[in-house]
Amino acid sequence: MTPDTLVEIAATACGLAYIVFIIRENIICWPFGIVGSLLSVYLMLENRLYSEAILYVFYVLMGVWGWVHWARREAQADNPVQRYAARYHLVLVLGCSLATLALGGLFSTYTDAARPYIDAATTVFSFAATWLEIKKVLETWVYWIVLNAASVWLYADRSLDIYAGLIWVYTILSVWGLVQWTLSYRARALPGDS
């Protein structure tokens, strides 16, 4: 077993803890996410997935912000799951698509990146999904279901088999997250049900 494999296993364990706790809307998710993301930065650089490395740096920063944001909202007893209008998501998808083309083109032209466009797409859309996750927007899980499914192929293509397995589990857990957050949203929307 190589040191990289041990790092991948540790990052995977942290990632699983993160997603289970965020689905349960438990603030402890953020420290697990931060540690798992720090370990992942190293692995992505080692495997020339530069957009993914940028993404994991972003996850570290957003993990800190998410932790602070949720702590403040929980202190005010006001951290509910919410929904954003379809037009918000349309603008977000269009913007992310343009950013994907730009980032993919940049890495395709100026680096030795492996799979620059799919790498860019999963990275850019993950930025958006993470933002929605921190804000506890229900639709974040739809983004994650699609992103995770695409990422399974990307990681398997780079022989990151443990990560590919992890992301496959994330895909399934994202469906669970969508169900759980939908129930949470509906319970808050219908005061008699809470």
Side-chain angles (χ1 to χ4, degrees), residues 4-5 7-8 11-12 14-16 18-19 22 30 33-66 84-135 137-175 177-178:
D4 283 359
T5 302
V7 171
E8 192 174 0
T12 299
C14 287
L16 285 172
Y18 168 76
I19 197 166
I22 200 162
W30 298 110
I34 292 166
V35 171
S37 296
L38 283 169
L39 295 171
S40 297
V41 170
Y42 165 79
L43 288 171
M44 295 306 125
L45 291 173
E46 284 292 303
N47 285 279
R48 298 185 353 254
L49 292 172
Y50 303 125
S51 293
E52 290 290 305
I54 292 167
L55 175 63
Y56 282 104
V57 169
F58 175 79
Y59 285 161
V60 170
L61 299 173
M62 290 296 98
V64 172
W65 182 61
Y84 283 178
R87 70 181 172 275
Y88 177 89
H89 294 289
L90 178 62
V91 170
L92 188 61
V93 167
L94 288 173
C96 286
S97 296
L98 292 173
T100 293
L101 291 174
L103 186 61
L106 178 75
F107 281 115
S108 176
T109 304
Y110 296 107
T111 73
D112 63 344
R115 310 291 185 211
Y117 287 97
I118 188 74
D119 188 13
T122 58
T123 297
V124 169
F125 278 92
S126 292
F127 287 164
T130 301
W131 172 263
L132 295 172
E133 193 174 72
I134 290 168
K135 294 295 200 173
V137 176
L138 176 62
E139 295 84 3
T140 192
W141 294 109
V142 175
Y143 287 81
W144 284 123
I145 291 165
V146 173
L147 285 164
N148 289 333
S151 294
V152 168
W153 175 83
L154 179 64
Y155 290 146
D157 179 68
R158 304 310 305 158
S159 298
L160 291 168
D161 298 329
I162 295 170
Y163 263 40
L166 171 67
I167 303 303
W168 179 244
V169 172
Y170 278 6
T171 306
I172 295 164
L173 289 175
S174 293
V175 173
L178 179 61

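Residue numbers start at 1 and run along the sequence shown. Computed over heavy atoms, backbone and side chain alike; hydrogens, waters and symmetry mates excluded. Here the structure is a predicted model, which is why all the values come from computation and not from measurement.
Between atom OG of residue Ser37 and atom CG of residue Leu61 there is a gap of 9.5 Å, rounded to the nearest 0.5 Å. Atom CG of Leu173 sits about 5.0 Å away from atom CD1 of Ile19, to the nearest 0.5 Å. Separating the CG atom in Leu39 from the CG atom in Asp4 is a distance of 11.0 Å, to the nearest 0.5 Å. Ile34 CD1 to Tyr59 OH: the interatomic distance, rounded to the nearest 0.5 Å, is 14.0 Å. In this structure, Leu106 CG and Thr111 OG1 are separated by 7.5 Å, a value rounded to the nearest 0.5 Å. Summarising the geometry, atom CG belonging to Leu45 is positioned 10.5 Å from atom OG belonging to Ser40; distances are rounded to the nearest 0.5 Å.
Looking at Leu154 and Ile167, their side chains never come closer than 4.5 Å, going by heavy atoms from C-beta outward. Val137 is not listed as a side-chain neighbour of Tyr143, based on a closest heavy-atom distance of 4.5 Å or more. Annotation: side chain of Trp131 is in contact with side chain of Trp65 (closest heavy-atom distance under 4.5 Å). Contact check for Thr130 versus Thr140: no side-chain heavy atoms found under the 4.5 Å cut-off. Inter-residue side-chain proximity for Ile22 and Trp30 is flagged as met; some heavy-atom pair is nearer than 4.5 Å.
Under a 3.5 Å cut-off, the side chain of Thr122 and the backbone N or O of Asp119 do form a donor-acceptor pair.
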Would you please test Val93 and Phe125 for side chain to side chain contact (heavy atoms under 4.5 Å, CB included) and show each step? CA-CA 8 Å; Val93 167; Phe125 278 92; 4.3 Å; yes
Let me see the working for Tyr170 and Val152 under side chain to side chain contact (heavy atoms under 4.5 Å, CB included), right down to the final yes or no. CA-CA 10 Å; Tyr170 278 6; Val152 168; over 6 Å; no
For side chain to side chain contact (heavy atoms under 4.5 Å, CB included), just list the numbers for Thr123 and Thr100, CA-CA rounded to whole Å, side-chain angles, deciding distance to a tenth of an Å, and then say yes or no. CA-CA 8 Å; Thr123 297; Thr100 293; over 6 Å; no
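With sequence neighbours left out, Arg115 forms a side chain to side chain donor-acceptor pair (under 3.5 Å) with Asp157. Here Glu8 pairs with nothing under the side chain to side chain donor-acceptor pair (under 3.5 Å) rule; sequence neighbours left out. Remark: Ala99 engages Val124 in a side chain to side chain contact (heavy atoms under 4.5 Å, CB included) (not counting sequence neighbours). Shown here are the ring-ring contact (aromatic ring centres under 6.0 Å, His included) partners of Phe58, two or more places apart in sequence or in another chain: Phe127.
The two residues Ala11 and Gly36 have their closest heavy-atom pair at CB-O, 3.8 Å. Across every non-hydrogen atom of Val41 and Ala53, the tightest pair is CG2-O, 4.1 Å. In terms of heavy atoms, Gly104 sits closest to Ala120 at N-CB, 3.5 Å. Across all their heavy atoms, Leu160 and Asn47 have their closest contact at CD2-ND2, 3.4 Å. Scanning all heavy atoms of the two residues, the minimum distance from Leu147 to Ala129 falls at CD1-CB, 4.0 Å.
Identified under the salt bridge (charged side-chain N to carboxylate O under 4.0 Å, His left out) test for residues 122-135, with sequence neighbours left out: none. For residues 147-156, the pairs satisfying side-chain hydrogen bond (donor to acceptor under 3.5 Å, both in side chains) are Glu52-Tyr155, Tyr56-Tyr155, Asn148-Ser174, with sequence neighbours left out.
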